Visitor: 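Dumping the structure here so I can ask a few things about it.
Please read all numbers here as calculations on a predicted model, not as lab measurements.
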Amino acid sequence: MRQHDERSRAGAVDEATEVFVAHRNLLFTVAYEMLGSAADAEDVLQETWLRWVRFDLAVVREPRAYLVRIVTRQALDRVRALGRRKESYVGPWLPEPLLTTPDVAEDVELADSVSMAMLLVMETLAPVERAVFVLREVFGVEYEGIAAAVDKTQAAVRQIAFRARSHGAARRPRGIVSPAQTRAALAAFQTAVETGDMRRLLDILAPDVIALSDGGGIKHALPRPVVGSDKVARLLASGWWRRDADRSVEIMQINGGPGLVVRVAGEIDGVVAVRVEDDFVTGAYHVRNPKKLSRVRRATAVSR
């Protein structure tokens with residue numbers, strides 16, 4: 001009898017594992033978009049798994065929806081904890097960049113949702129607004145499912161969704177920019193920075209461009225945002241980031257679109273992502289914090 005129970009339990013765990021693995025990429029993407037941190041998203045997945053494996057799958061009608069509900073609740077708890085951590089963060093905080101596979105760029109909505117620019121928009125939303133926005137706008141979850149995930153009524157969720165959508169629309173890039181457009185703007189940006197050509201920089205930078213860099217208090221970085229094409233151009237032309245004998249720069253797929261991976265003496269030193277609108281660079285985001293660069297060494301799968 002005891003052996004039978006143990007075999008039954010092992011079979012249940014195997015089934016739970018199979019279902020969880022089938023939805024893992026989706027669950028990671030939900031958590032990552034809410035948190036902007038791959039490391040914290042992985043912790044959320046671990047907590048989700050520990051809860052999931054204890055459920056009786058026989059009574060779970062929709063495993064995908066149930067797993068999304070669990071991961072959302074865990075991510076909400078983590079968002080609040082992250083907010084407290086960011087209060088003592090040294091310098092500007094930027095999302096943890098991901099090396100993504102080329103197929104992500106083919107799903108325009110998914111690529112936009114994991115872009116550095118969109119993750120920064122997420123940072124301006126309250127935790128529950130963030131969860132509602134991600135679940136509704138990116139993953140198309142019905143209001144009933146979102147209400148269960150965030151412990152609100154459907155009426156309240158609809159109001160939150162409207163508010164978050166309006167807030168996001170006012171801050172997200174205007175229109176969809178193709179990977180080819182981003183790659184062209186990025187290449188022009190790279191050339192202008194490497195040559196220190198002020199004229200080229202002013203030609204590619206939008207008047208209200210913002211430059212942010214994140215060293216986490218470990219690597220040298222800008223202590224605060226730099227705003228405006230003249231200031232950003234002067235900063236870049238002065239050698240803030242310049243190619244030398246030990247430095248190499250490669251265009252790679254970062255967060256669903258073209259980005260620059262910077263190596264010094266063969267080691268990854270940073271990642272530069274740009275926000276492009278109407279062929280102008282409106283945002284330049286430079287991540288140098290070494291604790292945030294592990295996901296650039298190998299591709300991370302994201303999905304909807």
Visitor: Is any side-chain heavy atom of Leu26 closer than 4.5 Å to one of Val68?
Guide: yes
Visitor: Could you tell me if the side chain of Val296 sits less than 4.5 Å from the side chain of Val261, heavy atoms only?
Guide: yes
Visitor: Looking only at heavy atoms, what is the nearest atom pair of Pro179 and Ala105, with distance?
Guide: CG-CB, 4.2 Å
Visitor: Is there a donor-acceptor contact under 3.5 Å linking the side chains of Asp214 and Tyr285?
Guide: no
Visitor: Examine Arg165 relative to Phe133 and say whether NZ or CZ is less than 6.0 Å from the centre of the six-membered ring and inside a 45° cone about the ring axis.
Guide: no
Visitor: List the steps, then state whether side chain to side chain donor-acceptor pair (under 3.5 Å) holds for Thr48 with Gln74.
Guide: CA-CA 7 Å; Thr48 299; Gln74 297 306 309; 6.0 Å; no
Visitor: Evaluate the side-chain proximity of Val30 to Leu27: yes if any heavy-atom separation is below 4.5 Å, no if none is.
Guide: no
Visitor: If you look at every heavy atom in Phe28 and Ala301, which pair is closest and at what distance?
Guide: CD2-O, 4.1 Å
Visitor: To the nearest 0.5 Å, what is the distance between CZ on Phe189 and OG1 on Thr182?
Guide: 13.0 Å
Visitor: Is there a path from Trp93 to Val287 through hydrophobic residues (I, L, V, M, F, W, Y) whose side chains come within less than 4.5 Å of each other?
Guide: no
Visitor: For the residue pair Arg64 and Phe139, what are the closest heavy atoms and their distance?
Guide: NH2-O, 4.4 Å
Visitor: Determine the minimum heavy-atom distance between Ala233 and Leu205, stating which atoms define it.
Guide: N-CD1, 3.8 Å
Visitor: Rounded to the nearest 0.5 Å, how far does CG of Asp77 lie from CG of Leu82?
Guide: 11.5 Å
Visitor: Verify whether one side chain among Thr100 and Gln253 offers a donor that lies under 3.5 Å from an acceptor in the other.
Guide: no
Visitor: Do Leu50 and Val19 belong together in a cluster built from hydrophobic side chains that touch within less than 4.5 Å?
Guide: yes
Visitor: Check whether any side-chain heavy atom of Leu99 lies under 4.5 Å from a side-chain heavy atom of Thr300, and answer yes or no.
Guide: no
Visitor: I'd like to know if Tyr66 and Val53 are part of one continuous hydrophobic network [Ile/Leu/Val/Met/Phe/Trp/Tyr, side-chain heavy atoms within less than 4.5 Å].
Guide: yes
Visitor: Taking atom CG of Leu110 and atom OG of Ser115, what is their separation to the nearest 0.5 Å?
Guide: 10.0 Å
Visitor: For atom CZ of Arg298, is the number of surrounding heavy atoms from other residues, nucleotides or ligands below 6.0 Å larger than 12?
Guide: no
Visitor: For residues Met116 and Met252: do they belong to one hydrophobic cluster (side chain heavy atoms under 4.5 Å, members Ile, Leu, Val, Met, Phe, Trp, Tyr)?
Guide: yes
Visitor: Would you sort out whether Glu142 and Arg136 count as a side-chain contact (heavy atoms from CB on, under 4.5 Å), showing the intermediate values?
Guide: CA-CA 7 Å; Glu142 297 296 332; Arg136 183 63 185 168; 4.0 Å; yes
Visitor: How long is the span from the CG atom in Leu94 to the CG atom in Leu119, to the nearest 0.5 Å?
Guide: 10.5 Å
Visitor: Please output the side-chain donor-acceptor pairs of residues 31-40 that fall under 3.5 Å, not counting sequence neighbours, one pair per line with the distance.
Guide:
from, atom 1, to, atom 2, distance (Å)
Tyr32, OH, Glu96, O, 2.6
Tyr32, OH, Asn255, ND2, 2.8
Glu33, OE2, Ser113, OG, 2.6
Ser37, OG, Asp40, N, 3.1
Ser37, OG, Asp40, OD2, 2.8
Asp40, OD1, Arg78, NH1, 2.9
Asp40, OD2, Arg85, NH2, 3.1

Visitor: For residues 150-159, which side-chain N or O atoms pair as donor and acceptor with protein atoms under 3.5 Å away, sequence neighbours left out?
Guide:
from, atom 1, to, atom 2, distance (Å)
Thr153, OG1, Ala156, N, 3.1

Visitor: On a heavy-atom basis, which atom in Arg288 and which in Leu293 lie closest, and how many Å separate them?
Guide: O-CD1, 4.0 Å
Visitor: Flag the pair Arg304 / Thr29 as yes when at least one side-chain heavy-atom distance between them is below 4.5 Å, and no otherwise.
Guide: no
Visitor: Do Glu42 and Gln46 pair up side chain to side chain, a donor and an acceptor below 3.5 Å, judged on atom types alone?
Guide: no
Visitor: Just how far is it from atom CD1 of Ile210 to atom OG of Ser229, taken to the nearest 0.5 Å?
Guide: 13.0 Å
Visitor: Test side-chain contact (heavy atoms from CB on, under 4.5 Å) on Leu260 and His286; report intermediate values, then the result.
Guide: CA-CA 9 Å; Leu260 300 177; His286 187 193; over 6 Å; no
Visitor: Do any N or O atoms from the side chain of Arg130 and from the backbone of Met122 form a donor-acceptor pair under 3.5 angstrom?
Guide: yes
Visitor: State, yes or no, whether a side-chain contact exists between Pro95 and Leu120 at a heavy-atom distance under 4.5 Å.
Guide: yes
Visitor: Are side-chain heavy atoms of Glu129 and Val132 found at a separation under 4.5 Å?
Guide: no
Visitor: Taking only Lys NZ, Arg NE, NH1 and NH2, and the carboxylate oxygens of Asp or Glu, determine whether Arg263 and Asp269 approach each other closer than 4.0 Å.
Guide: no
Visitor: Does the Glu18 side chain pair with the main chain of Glu15, one donor and one acceptor, at a distance under 3.5 Å?
Guide: no
Visitor: Would you please indicate if the ring centroids of Phe20 and Trp49 are separated by under 6.0 Å?
Guide: yes
Visitor: Between the main-chain N or O of Arg275 and the side-chain N or O of Thr282, is there a donor-acceptor pair closer than 3.5 Å?
Guide: yes
Visitor: Following the transitive rule for hydrophobic clusters with a side-chain heavy-atom cut-off under 4.5 Å over Ile, Leu, Val, Met, Phe, Trp and Tyr, establish whether Val274 and Leu202 coincide in one cluster.
Guide: no
Visitor: If you define the side chain from C-beta out and look only at heavy atoms, does anything of Val193 sit under 4.5 Å from Leu201?
Guide: yes
Visitor: Linking Ile, Leu, Val, Met, Phe, Trp and Tyr through side-chain heavy atoms less than 4.5 Å apart, which residues share a cluster with Phe280?
Guide: none
Visitor: Nearest 0.5 Å, what's the CD1-CG distance between Ile160 and Leu125?
Guide: 11.0 Å
